[in-house]
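Please read the structure below before turning to the comments.
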Amino acid sequence: MEMKNENESVSVSENENKSQNKFENEILSMLDNESVSENESVSENENEIHHPFHRQHPLVLVAEQSNEGLKAHCDGCGELLSAPCFTCIHCNYHLHKQCAEAPLYIRNHPLHPKHSLRGLSLRQRPYPRDQRVDGCALCKEKRNMCFYKCRHWGCYFSIDIKCAQLYSSIKFSQPSKHDIHEHPLTFIESPMAIDVFKRFSCSWCHEPLTDAIYFCSECPFFILHKKCLDELPPKINHPSYHIHPIFLYHSSIDCFCNLCQKQHSGPFYGCTLCDFNINIGCALPISIVEGKSRHQHPFTLFRRRGSFICDACGTEGNSISYICLKCYIEVHKKCTSLPCIIKFSRHGDCIFHKYFLEDLTRHDCKICFNEVKLDRGSYSCRKPGCNYVVHVNCVLEDRRLYKLIEDEKQCKELQEKSMQSPIIRVIEVNEAGEATKIQHLSHQHCLVLAEKMEEEIDRKCDGCMLPISNIFYYCSECPFFLHKTCAELPRIKQHWFRQSNATLDFKSFKKCDFCSQRCSGFFYIIEEHWDMCLRCAKVADIIECEGHQHFLFFDFKCEEECNGCGIRCRRGAFRCG
């Protein structure tokens, strides 16, 4: 990715600061005006509001939900829309009533007492400097929804609008300092009342957060059970180590666990005489693990001497395993909490975990292209006719590429949401139901469908900048052309390069961060700071190359020299398995 020169960076930064300060001044002036509500301007019609994030049109109140339901998503929190809500009758913009009435400014939020005098201001994405803003302090994600950001200069604390709304109903303690962590920890007595905590586990024992917890709002995933923090014994005798007792130690550096063979942060048990260390989770494993959202039966602790093959992920383990007495399976401790359903960026549908494959034909992993054993755990697609299968460790290796799905209902909602970001309005259709005349969001005139050029003229698509060949849309009033496939692209899509949404932009001339070519046309913006031209956006994660006899797949970890140009790959590359 090309770095901007110093003068350009200063100019962009100044413009962003001016825009940010202007918006904050507007908010503060609204707060100071007693005749105006804290979150919207009241229209003469009491069923309408003028919201600052949608100034062009008023939003109309929908008090009751129809039998067909509201098949759209809230632009505030991103959730499926339900009444009561506010909607724009002119364009596709909707807000739950709770989101529309959310305050534009919050003073003294309990998760950020450091800058309580400055407070938090409501923002919407895309946000100009979003790459510098931290993920939500509560759910730890950076989702495509409105969020509150600290107004203190240089502080990038943020919390999603949905999570911010919890502070009025859930009691948070003021953060307090503990010796085991560099940042203050916040205490929550009933974490299961907060949906986002159902997806996490304790950083030490890795068990679900069913009891009181401490969590850090500044670190990505530092969450502890209160009992883990307060009740750790100073000395234990461990069944896997009979030579000496092992003692509790605190260290600022990572410790290598002799049982699970991994590096761990935080306190650990060890013997300094024998240089033997065990992390907290392996030293004090829970006897029974239950969680019907992950497996329908409880797992029971099974201490063993020697190795085993985990039925959930297909890799080797040792010393400590868990068994299901009804299913006759043996798994790693970490695999007792494997997600049943995930949405992976490199596949269009949700994929499901299975302990064995019913299909007896050979399957290769669509990530590493090595064989997937039929009697080992894997993730696969349930869609009829789809043979997408991946190894458990391959698909879960990069947290940025997948999203946890709670149930099949959420799968359907995701599929519906992906179909609700069109950028065309159909005006006329033919007998076959094909759109013959459309209004495209990128162009001021209507576009007409054609099968071929009337004259032998070299025309290029204004979306992908490639030559026009067969079916396309054209403007009868000016020279504007779009391939039919380019015209039908969704405004928001999930690209395989990242799990987060990519947004279509068609108002600029810029440099693609993937092919390094400067061009006009349409771009997808990924995570608000990567620009991808349509030619790159159409490239799949598995390709055929004319100069090679095998399929090539994209490897995010590849940093070798390219066999085509000889330049070292910095951000992954296509390679042969």
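The side-chain contact (heavy atoms from CB on, under 4.5 Å) check on Cys515 picks up Cys512, Gln517, Cys533, Cys536, with sequence neighbours excluded. Remark: Glu408 pairs with Arg382 by the side-chain hydrogen bond (donor to acceptor under 3.5 Å, both in side chains) rule, at least two apart or across chains. Legend: residues meeting ring-ring contact (aromatic ring centres under 6.0 Å, His included) with His443, ordered by chain and number and at least two apart, are His445, Phe480. Every residue two or more places apart in sequence or in another chain that forms a side-chain hydrogen bond (donor to acceptor under 3.5 Å, both in side chains) with Lys226 is listed here: Asp230. Under the ring-ring contact (aromatic ring centres under 6.0 Å, His included) criterion, His115 pairs with His112, His152, not counting sequence neighbours. For Asp398, the side-chain contact (heavy atoms from CB on, under 4.5 Å) partners at least two apart in sequence or on another chain are Arg400, Leu401. Qualifying side-chain hydrogen bond (donor to acceptor under 3.5 Å, both in side chains) partners for Glu488, counting only residues two or more places apart in sequence or in other chains: Lys484. Residues forming a ring-ring contact (aromatic ring centres under 6.0 Å, His included) with Phe523 (at least two apart in sequence, or on another chain): none. Gln439 pairs by the side-chain contact (heavy atoms from CB on, under 4.5 Å) definition with Arg425, Ile427, Cys446, not counting sequence neighbours. Legend: residues meeting ring-ring contact (aromatic ring centres under 6.0 Å, His included) with Phe268, ordered by chain and number and at least two apart, are Tyr249. His57 pairs by the side-chain contact (heavy atoms from CB on, under 4.5 Å) definition with His54, Cys88, His90, Cys91, not counting sequence neighbours. With sequence neighbours left out, the side-chain hydrogen bond (donor to acceptor under 3.5 Å, both in side chains) criterion links Lys557 to Glu397.
Taken from OH in Tyr402 to CZ in Phe344, the straight-line distance is 10.0 Å, to the nearest 0.5 Å. For the atom pair CD1 of Ile49 and CG of Leu61, the computed distance is 8.5 Å after rounding to the nearest 0.5 Å.
Put simply, the side chain of Lys510 never gets that close to the backbone of Met532: no donor and acceptor are under 3.5 Å apart. In this structure, the side chain of His225 does not engage the main chain of Lys227 through any donor-acceptor pair within 3.5 Å. In this structure a side-chain-to-backbone donor-acceptor pair under 3.5 Å is missing from Asn47 to Val60. The closest donor-acceptor contact from the side chain of His96 to the backbone of Gln98 lies at 3.5 Å or more, if one exists at all. Between the Arg118 side chain and the Arg151 main chain, a donor and an acceptor come within less than 3.5 Å of each other.
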For the pair His73 and Asp75, evaluate side chain to side chain donor-acceptor pair (under 3.5 Å) and give the outcome as yes or no after the intermediate values.
CA-CA 6 Å; His73 287 77; Asp75 287 280; over 6 Å; no
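In this structure, the ring of Trp496 has its center less than 6.0 angstrom from the ring center of Phe554.
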